[in-house]
Amino acid sequence: MHAIMLTNHHTHCDFCDGTTSAAAMADVAQAAGFSVLGFSSHAPLPFSTVWNMDLGDMTAYVSTIRGLADTHAPALEILAGLEVDFIAGLCGPADGRFSAFELDFTIGSTHFVTPLGIPADAVSNPSSCLDQRGEPKFGFTVDEPAADFDRHLEEFYAGDSMRMVEDYYTALTGCIQAGGFDILGHFDLIRKNNRGQSKFSEDSALYREAAMQAVEALRGTEIIVEVNTGAMTRGYTTTPYPALWILKELKARRVPICVNADAHAPSHLQLHREAALRLASEAGYHVLTIPTKLGRQEIPLA
Ligand SMILES: [Zn+2]
Ligand SMILES: [Zn+2]
């Protein structure tokens with residue numbers, strides 16, 4: 001199973017929580033024969049975290065990526081993008097905070113659930129979102145380390161994991177409905193801390209209904225859903241995001257897909273790509289769809 005072009009539009013580097021410089025990522029991608037490499041650092045949030053870029057680094061980030069695009073053209077097309085968080089009532093890809101940077105593409109991602117809601121003054125005073133330890137008061141990221149996740153599931157949901165699942169998919173659906181991005185990040189990220197379905201059943205009717213809200217919201221949009229191998233690479237899941245049954249539902253609604261590594265190091269760029277392509281094929285897809293400088297391009301799966 002292969003596609004006629006190697007591409008990746010989900011690449012982190014040392015501007016956020018990646019381990020490597022953008023230049024090193026680009027060198028490895030070019031040496032490996034990639035045609036398109038899109039950088040997607042975690043965009044600045046209104047409050048600070050350890051994994052997002054600072055707003056003050058945005059200019060350097062974009063000019064670094066543009067510089068690499070010049071030096072690697074034409075063999076490797078390098079795109080400047082961002083992975084932008086959606087947090088209902090606070091921020092999202094649709095709010096245009098980064099439009100001045102004229103990015104080539106944006107990934108819209110939902111990492112946070114917000115069981116306690118965003119403080120009323122959060123937009124004008126984002127620091128009101130954080131407690132004295134510097135942690136969000138309103139909720140947590142569902143892909144955080146397992147020990148934090150377990151603690152937060154108890155603290156915010158009294159262990160009711162299905163309520164968390166419902167909040168996650170409500171947020172993801174809100175992200176899709178608000179729009180303002182090209183690629184939807186890691187559809188079922190909520191699976192990351194559910195190894196062996198230890199927290200909730202992914203086969204239950206409640207789980208499937210929750211996920212289907214987001215599937216239905218994608219119908220008729222131009223959003224590309226990524227098949228993301230990041231959690232496989234880091235040993236959290238044994239299959240890419242999204243699960244095969246979700247991918248089949250997306251195919252039935254003609255939702256385009258791409259394959260992304262969510263690479264945080266050069267060695268991640270091609271890891272499990274084969275599994276992602278097989279999954280796409282199994283779901284009935286014959287082409288991948290990617291953003292490029294000249295608009296969208298379709299890549300046949302062969
Ligand atoms: Zn992400
Ligand atoms: Zn990412």
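Below, all heavy atoms of this structure are taken into account, side chains as well, without hydrogens, waters or symmetry copies. Ligands are counted one by one from 1 in listed order, and the atoms in each one are counted from 1 as well. FYI, the numbering just counts along the sequence from 1.
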What do you reckon, are the aromatic ring centroids of F47 and F138 less than 6.0 Å apart? yes
Is it true that F39 and Y61 have ring centroids separated by less than 6.0 Å? no
Residue pair F101 / R66: nearest heavy atoms and the distance that separates them: O-NH2, 4.0 Å
Could you tell me whether the side chain of M212 reaches within less than 4.5 Å of the side chain of E249, counting heavy atoms only? yes
Heavy atoms, side chains only, cut-off 4.5 Å: are T49 and T141 in contact? no
Do any of the N/O/S atoms of H12, backbone or side chain, fall under 2.8 Å from the Zn ion (ligand 2)? yes
Rounded to the nearest 0.5 Å, what separates atom OG1 in T239 from atom CE in M232? 6.5 Å
Any protein N, O or S atom under 2.8 Å from the Zn ion (ligand 1)? Found E83 OE2, H111 NE2, H186 NE2
